[in-house]
Enquirer: 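My questions all concern the structure below.
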Number of protein chains: 2
Amino acid sequence: MEQSAPPRRITIVDVAEHANVSTTTVSKVLRNAYGVSPAMQAKVRKSMSDLGYRPHAAARGLRGRTYTIGLMLPDIRNPFFPEIIDGANEVLDATDYQILLGPARNVREIEHRVTEAMIDRSMDGLILIVPAATPTELEQTARAVPVVVVARHLRSTLLDTVVTDDVAGAALVVDHLADLGHRRIAHIAHAESQRHLVTTMPNTIRAEGYRQAMRARGLGDEIDVVATTYSKEGGYLGARQLLARSRRPTAIFAGADIAAMGALEAIADAGLSVPGDISVVGYDNTDFAALGGIGLTSVEQGGRQMGSDAARLLLERIDDRAKPSRLISLSPTLVVRRSSAPPPR
Amino acid sequence: MEQSAPPRRITIVDVAEHANVSTTTVSKVLRNAYGVSPAMQAKVRKSMSDLGYRPHAAARGLRGRTYTIGLMLPDIRNPFFPEIIDGANEVLDATDYQILLGPARNVREIEHRVTEAMIDRSMDGLILIVPAATPTELEQTARAVPVVVVARHLRSTLLDTVVTDDVAGAALVVDHLADLGHRRIAHIAHAESQRHLVTTMPNTIRAEGYRQAMRARGLGDEIDVVATTYSKEGGYLGARQLLARSRRPTAIFAGADIAAMGALEAIADAGLSVPGDISVVGYDNTDFAALGGIGLTSVEQGGRQMGSDAARLLLERIDDRAKPSRLISLSPTLVVRRSSAPPPR
């Protein structure tokens, strides 16, 4: 590969010289203004490309937009989040907007720093997936930049929200397992310690939905929740605890597919079979659930739809900051596969 | 949640008023300058926090740094990439740098737009994982901003590179399977059509390493490559083709764990068992490979090490753009699990 001179930023003047046109013409091409022939457009674009000219993103748009959207997600290993991102891209691909991702690694301080970095980088809007920030912090962010919160159950006049009905999702699982004849149905939850999260996080609401549904089926005495984390390790540790009970559950409802992955591993390690000895149901209906050799029954919460709704709400709010805020709530469905069956007799 | 006035940016003046100090003091706190007592520091920091004051990132750092690093990755579904990101964070967590991710969704045009967006957002440096851009394009990027390329075999005086020895990795797999007694060892590759990629991409080098190793074991006549993509779908389609051969392979070497996932699904759908009917080996040694019920033999290429090496090289290049460029090449190892066994008799 070639040697080169030290880097210097290519300017509009270089482009004009290279294309042998005026800087005004280059500027018009950049702004997509009238009065430039298609041939001239092509010539200038070619010079820009040849020189590696990079218009400041701000100069490309109107009103100082950067055409970037920051998407904060707690964890890039959870296969549910790519569904949301795909959905958002379905909407954004028809626009000039680019998504940049900020993984928070399930640490609140990192979430905060990532969100700050996105605002500092002048992103036009933020999609925050299951943020752990307080409502006040979220509103502070929403004062700085348009915000859509995904998968956290809170309302605010300052931001939009997209959720699924997690109480209904948990009930789908309990009803399915109870219909199969299970009574000892245990739940692996993701623990929250902070009060502002307990009432608004999908995981705590899912656990509450599980409790409600168990009681509704007359199984209140069988309620058994282990609270770890929505991760492979969390699922593994949770299942280990459940398998060590003197009366072992006949079914485990993991609050997320990624936790179900860990639970399946713990069950295999214990020499037990799914669904022969124990049924397992996940949540999120990720690619993993459909995998041959696994076939995990799981709750489809409509990740793609959540993502495209979030992107649409965000674009509307970027256009009009004063828009009345909206909350979209989607209904989950259950996808039954072979990991759930009647309990052993 | 509370109603609020239309958004207005909080300034240093607001902070000074709120803390009842001079703007000079606030400025000193921002710069971590001498001459401010710890108590005063705390007081000013509290006002900043109460008001939601957000110093421009540039103002926080020296020489206009933004303390953000852009990391381009082809695909957020491939479980290998989080390993690289974890490794990079191991190094960056000790610094003020934040990573923002740009997924290219395996589309070259999107890779280009994402990279441009990162430069436009003034990121201090870029880590590009398996970029598909031409060497010239990569050098153009490296003129605009410090760049480290990961997992693509190319050298340039303008950028640093971190790779693993993919020829050696492929040979580990072929030798392992041949030692078990396999002869009909097929390979699922990720196809490249563009010439600049064929000689530098890890996937094509892995496929070439497979061919070399097969010949070295006297199995040149058994070479059988299906070229799809490194994705679940690609692995599924590739395995389907291989299973339809009149002489079915007894072992499949998938060039990536994510493709092995799809291959396992195709094998299960065909009513065959692993490793009883057919052995499967992956590459990347991701979390998935270790999963109970799967136990995939796979090549460990040291993703974490690649990520931390990349971050270290990038920080050094940010500090000194003129540094001689370096290429770090890591040696892969094989992790044997239960998906590989002697062929059926």
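Each chain gets a letter, A, B and so on, in the order its sequence line appears, and its residues count up from 1. Below, each value reflects all heavy atoms present in this structure, side chains not excepted, and no hydrogens, waters or symmetry copies.
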Enquirer: Between B/D93 and A/R105 (salt bridge meaning N to carboxylate O under 4.0 Å), is one present in this structure?
Expert: yes

Enquirer: Got a sec, which residues hit side chain to side chain donor-acceptor pair (under 3.5 Å) with B/D284, two or more places apart in sequence or on another chain?
Expert: B/Q301

Enquirer: Indicate yes or no: does A/E116 engage A/R121 in a salt bridge with an N to O separation below 4.0 Å.
Expert: no

Enquirer: Just to verify, what does B/R152 make a salt bridge (charged side-chain N to carboxylate O under 4.0 Å, His left out) with, not counting sequence neighbours?
Expert: none

Enquirer: Count the heavy-atom pairs under 4.5 Å between each of A/L71, A/V145, A/N89 and chain B, then report the option with the highest count.
Expert: A/N89

Enquirer: Where on B/D86 is there a heavy atom nearer than 4.5 Å to chain A: the side chain, the backbone, both, or neither?
Expert: side chain

Enquirer: Quick check on the interface: out of A/M123, A/R113, A/E137, A/M118, who has the most heavy-atom pairs with chain B under 4.5 Å?
Expert: A/R113

Enquirer: Between B/T200 and B/H196 (side chain of the first, backbone of the second, donor and acceptor by atom type, cut-off under 3.5 Å), is there such a pair?
Expert: yes

Enquirer: Side chain from CB out, backbone as N, CA, C, O: work out which of these in B/I99 comes under 4.5 Å of a heavy atom of chain A, or both, or neither.
Expert: backbone

Enquirer: Is B/E83 close to chain A through its backbone or its side chain, or both, or neither, when contacts mean heavy atoms under 4.5 Å?
Expert: both

Enquirer: Given heavy-atom pairs under 4.5 angstrom as the criterion, report whether the side chain, backbone, both or neither of B/S49 touches chain A.
Expert: backbone

Enquirer: Which one of A/L159, A/L158, A/L138 satisfies the side-chain contact (heavy atoms from CB on, under 4.5 Å) criterion with A/R143?
Expert: A/L158

Enquirer: Tell me, for B/I267 versus chain A, whether the close heavy atoms (under 4.5 Å) come from the side chain, the backbone, both or neither.
Expert: neither

